[in-house]
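Below, chain A is the first sequence line, B the second, and so on; all start at residue 1.
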Amino acid sequence: MACVLAHCVQDLTMIKILSFFLTNLCAFLMGYIPFPIPYFYGMSFLDALNEPQLKAATSIQGPVMIIAGPGSGKTRVLTFRIAHILSQGVDPFEIMALTFTNKAAREMKNRIEAIQGTGARSLWMGTFHSVFARMLRSEATKIGYTSNFTIYDSDDSKNLIKNIIREMGLNDKTYKASSVHYRISLAKNNLINHQEYPLQTELVQEDEAYGRPKVADIYKEYAKRCFRAGAMDFDDLLLKTHELLESVPEVLYKYQHRFKHVLIDEFQDTNFLQYSIVKKLADVHQNICVVGDDAQSIYAFRGASILNILNYERDFPDVQTFRLEQNYRSTKTIVAAANTIIANNKQQLAKKIWTDNADGDRIKVIRSMSDNEEGRLVADAIFEQRMRDHISNSGFAILYRTNAQSRSFEEALRRLNIPYRIYGGISFYQRKEVKDLMAYLKLTVNPNDEEAFKRVVNYPARGIGKTTMEKLIVFAADNDRSLWDIADNIALFPFPAAARKNLTEFVTMIKSFQAQLGKMHAYDLAAQVAKSTGILKELYNDQSVEGLSRYENIQELLNSIREFVDPGEYNQLVPVDATEADRSLAAYLQQVSLLTDADQQDGTDDTVKLMTVHAAKGLEFESVFIVGLEENLFPSGLSVNSREELEEERRLFYVAITRAEKKLTLTHAASRYKFGSLDYCEPSRFIDELPQDQLEMVGYNKAARSGREEYVTYQAPKITRPAPAQPAFTHQASAGFSPAAPNELQEGMDVEHQKFGFGKIVGMEGNNDGKMATIQFQKAGQKKLLLKFAKLSIVRN
DNA sequence: GTGGGATCGGTTTTT
DNA sequence: CCGATCCCAC
């Protein structure tokens, strides 16, 4: 027996060694064999394309539409198309290519460069937002903005809207900032500005039906305030571009004639506003190429519409259409599953995706009892596939519907020592400390920025409180001037002496930064801002774990500024669409606001990727896990009320499925925690829509699905893993704890306080109503009683 | 004006 | 379970 065991162990070791060897050999070959694309593909780089791809890539005169199914080599066609255009003698700066992420643009640029040389660097290529932000930066003065305009992210926009709602004395329960913001955004994306909005009877009636007749007024005030602050929100970057082209003929003329070729990737996800801009730009040369797939349209909530495809055919009647239907990515099983799913949608263009690839494995459907178990099962499966199928970490993706689902997978992967990387969620630039420093920088560049002003005028605390701010806002509104303007001319307004002094000090400080703008290196300036505002000191004094990481985040932000200003060999913040180097602080701030989640990745690391299905668009992985396939989650409970919404969820599922090359695993949990309590979950209807004979069900209590008394016992694959580390604290007590807690806490006990660190409980007076206790805590080494109520953890000896 | 504790309310997806 | 907001004591 022992002998057999020893053999197994040996075999396992052999496999490990072998797979290690193979993986490294592959990495070695990939990394070290030079990959000169033109030679690799033969005589001409065009040889590498199949028949329909070749036609799509080389028909470069006149309007073109390419309908490209998932995995059909769409990116390749686009790349070769641009390379082909360049080879016909067109200048790179006469080409505009709009992609979905900056990363996609950068990758494509690199590939084109490999074929065509470094000239490709000056292509106008990037996301709609970043390309037009760049255009606005040089043209903004023609529509009354400065070129240093701030870009408001959605938090800034919502804050401003919330303030406006309050100032207008409206009920902020009926007027929720997020829904008002959504309405305004929807309007902007359909080319309706604030003057136009009240005239749109349909919109106004909808608002009234929801009991929000004042949305038009809020929109108007919002537009006014943004303008006064010298700020544009995400939608403004497009709307103002459109306005610019509409109202300034010489600008329109200049760009219309410049761009001989315009290309749009992911056309199904562009909205009316974006389409209108591009249509204008392409009007002279009419060389416009759109690439898309209606089945992968997943941004209708953002205003994207299938109508664009129909409009396109109407607006350009002599359009040439190409269809790429052969899938080179996935197994037959996966392609069949995708086709079966999408066939449930009524609204779609007819097409059939097919593949020559192998049949491949059946699709696994795993049922787990809880979200935590779901995490463990997926981690176990990855561990197993890594060994058995020789898939490297980077060959795996875990895709979920909402960012909040990542937690259980993180924990499980960490336990098995599987390296992973999460995209999305709270991004680096959304963190409080980063936003704080950024606000100072924004204010330095554009002092009228109202959101930045409000954010930092009293951070760190300098005695400018609610009352002073309220006055400031009132004076600003009365005089239609920015907050900064009022603060800068404080003598003209009645303020108490203390407030006047504090505000003046603040203004003087910001002005001292501004004085350095042109003279000082942007990095040094930012570092000085961090220091002299007291942000750095404040964070440095915070010795908690979070405080430490905040401090590091500030350092990281400073580093990214340095990288931007001193472009190194590889720098992800370099504007992808930059022809001339604009490396001012203002340019940095604008670029950073437009980074997408996908841009954060360097993509080359060997990690399992965790992301939402939305973020996975355009990517592919050997083995894909689509998790949380439950009713009300995927499809989202908010998107099952109309056929259109449900069909978008189904397209989302379609996108998720088609990311997989070889293996596809679907999971759902029978229950999951929601707001701290267990919630029971139905399996998603999408599982039922799959070809059932292609599925391998794991962990199913079949009776629950078919009504028959047939139980399948579920067993998790046995994988030895290190015993979980004993938690240092077994019970966390806090003000408002349950009656059980005081029994755990005793006088004289050593405890750790969340914020003040280690100490002792010196008293436990006054149990009010058996639910609350007053805890007296004394910090170690200090005589003074620090506080009465405390959030504490017990330290076990 | 400041800071801490209690209380309430809320879940999509992204530039 | 989280964060925003309210409320109260200094």
Side-chain angles (χ1 to χ4, degrees), chain A residues 98-102 126-133 151-154 157-159 162 166 172-173 176-178 182 185 188-189 232-238 266 269-271 273-274 297-304 399-405 407 423-427 429-430 432 458-469 496 498-499 502 593-599 611-617 628 632-640 645 648-649 651-652 655-656 672-677 679 732 734-737 754-756 771-772 774-775 786-791:
Chain A
L98 299 162
T99 58
F100 203 70
T101 63
N102 289 305
T127 60
F128 275 90
H129 290 84
S130 67
V131 167
F132 293 134
I151 296 171
Y152 277 174
D153 65 19
S154 12
S157 304
K158 277 182 215 154
N159 270 336
K162 195 199 257 170
R166 268 192 214 151
D172 58 5
K173 293 219 170 74
K176 274 188 256 162
S178 57
Y182 177 75
S185 176
K188 285 183 177 176
N189 283 315
M232 298 194 200
D233 66 16
F234 286 137
D235 305 314
D236 283 337
L237 292 175
L238 307 173
E266 309 281 9
D269 288 325
T270 57
N271 57 43
L273 173 54
Q274 291 168 320
S297 163
I298 54 176
Y299 284 97
F301 72 90
R302 209 167 84 182
L399 308 181
Y400 34 73
R401 179 69 232 274
T402 70
N403 284 306
Q405 285 166 256
R407 201 211 78 247
Y423 298 115
I426 296 183
S427 84
Y429 297 98
Q430 310 255 62
K432 184 192 170 300
N458 198 31
Y459 176 83
R462 50 174 73 89
I464 302 168
K466 220 167 83 187
T467 331
T468 311
M469 276 311 288
N502 292 336
S593 316
L594 297 173
L595 282 181
T596 64
D597 284 329
D599 296 324
M611 66 187 92
T612 63
V613 180
H614 283 91
K617 202 171 66 144
N632 295 324
L633 187 57
F634 198 173
S636 156
L638 298 169
S639 299
V640 290
E645 285 172 345
E648 174 149 327
E649 293 287 313
R651 289 194 296 269
L652 200 53
V655 168
R672 72 176 61 236
Y673 276 96
K674 238 181 195 179
F675 293 139
S677 64
D679 219 54
Q732 192 190 55
S734 65
F737 46 69
Q754 272 191 341
K755 193 161 171 194
F756 296 99
K771 281 193 170 179
M772 305 245 254
T774 307
I775 299 159
L786 256 180
L787 66 159
K788 282 179 181 170
F789 287 97
K791 290 191 178 176

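The interatomic distance linking A:Lys176 (NZ) with B:dG10 (P) rounds to 6 Å, in whole Å. Counting to the nearest Å, the P atom of B:dT15 and the CD atom of A:Gln430 are 10 Å from each other. Between the CG atom of A:Leu237 and the C1' atom of B:dT14 there is a distance of 14 Å, rounded to whole Å. A:Leu273 has its CG atom 12 Å from the C1' atom of B:dT15, to the nearest Å. A straight line from CD of A:Glu266 to P of B:dT14 spans 15 Å, rounded to a whole angstrom. Here B:dT15 presents its P atom at 20 Å from CE of A:Met232, a figure rounded to the nearest Å. The nearest whole Å value for the distance from the CG atom in A:Leu594 to the C1' atom in B:dT14 is 12 Å. A straight line from CZ of A:Phe301 to P of B:dT15 spans 9 Å, rounded to a whole angstrom.
Ion pairing between A:Lys188 and A:Asp235 fails under the 4.0 Å rule for side-chain N and carboxylate O.
The side chain of A:Thr612 contributes an N or O atom lying less than 4.0 Å from OP1 or OP2 of B:dT14. One finds a side-chain N or O of A:Lys162 lying less than 4.0 angstrom from the OP1 or OP2 phosphate oxygen of C:dT5. An OP1 or OP2 oxygen of B:dG1 is reached within less than 4.0 angstrom by no side-chain nitrogen or oxygen of A:Asn502. The side chain of A:Ser639 places no N or O atom within less than 4.0 Å of a non-bridging phosphate oxygen (OP1 or OP2) of B:dT13. Under 4.0 angstrom from either OP1 or OP2 of B:dT13 there lies at least one side-chain N or O belonging to A:Asn403.
Here A:Ser593 lies out of heavy-atom contact (under 4.0 Å) with every strand. Nucleic acid contact class of A:Ser154 (heavy atoms, under 4.0 Å, all strands): base. Looking at heavy-atom distances under 4.0 Å, A:Lys674 makes contact with a base. Within the 4.0 angstrom heavy-atom criterion, only backbone atoms of the sugar-phosphate kind lie near A:Asn458; the bases stay farther away. At the heavy-atom level, A:Arg166 lies under 4.0 Å from the strands shown only through sugar-phosphate atoms. At a threshold of 4.0 angstrom between heavy atoms, the contacts of A:Tyr299 are confined to the sugar-phosphate backbone, with no base atom among them.
Between A:Leu633 and A:Gln405 the shortest side-chain heavy-atom distance falls below 4.5 Å. When side chains are defined from C-beta on, A:Leu652 counts as touching A:Phe634, because their heavy atoms get closer than 4.5 Å.
For A:Asp172, the salt bridge (Lys or Arg N to Asp or Glu O under 4.0 Å) test picks out no residue, with sequence neighbours left out.
Set against B:dT15, B:dG1, B:dT13, the side chain of A:Arg302 has B:dT15 as its closest nucleotide.
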Report the C-alpha distance between A:Thr612 and A:Tyr400 in whole Å, list the side-chain angles of each, state the deciding distance to 0.1 Å, and finish with yes or no for side chain to side chain contact (heavy atoms under 4.5 Å, CB included). CA-CA 5 Å; A:Thr612 63; A:Tyr400 34 73; 4.0 Å; yes

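The 5' end of DNA chain B is approached more closely, in terms of each residue's nearest nucleotide, by A:Ala461 than by the other of A:Ala461 and A:Asp235. When each of A:Phe234 and A:Lys173 is assigned the nucleotide of DNA chain B bearing its nearest heavy atom, the one mapping closer to the 5' terminus is A:Lys173.
Ring orientation note: the planes of A:Tyr299 and A:Phe100 are tilted relative to one another, at an angle of 30° to 60°.
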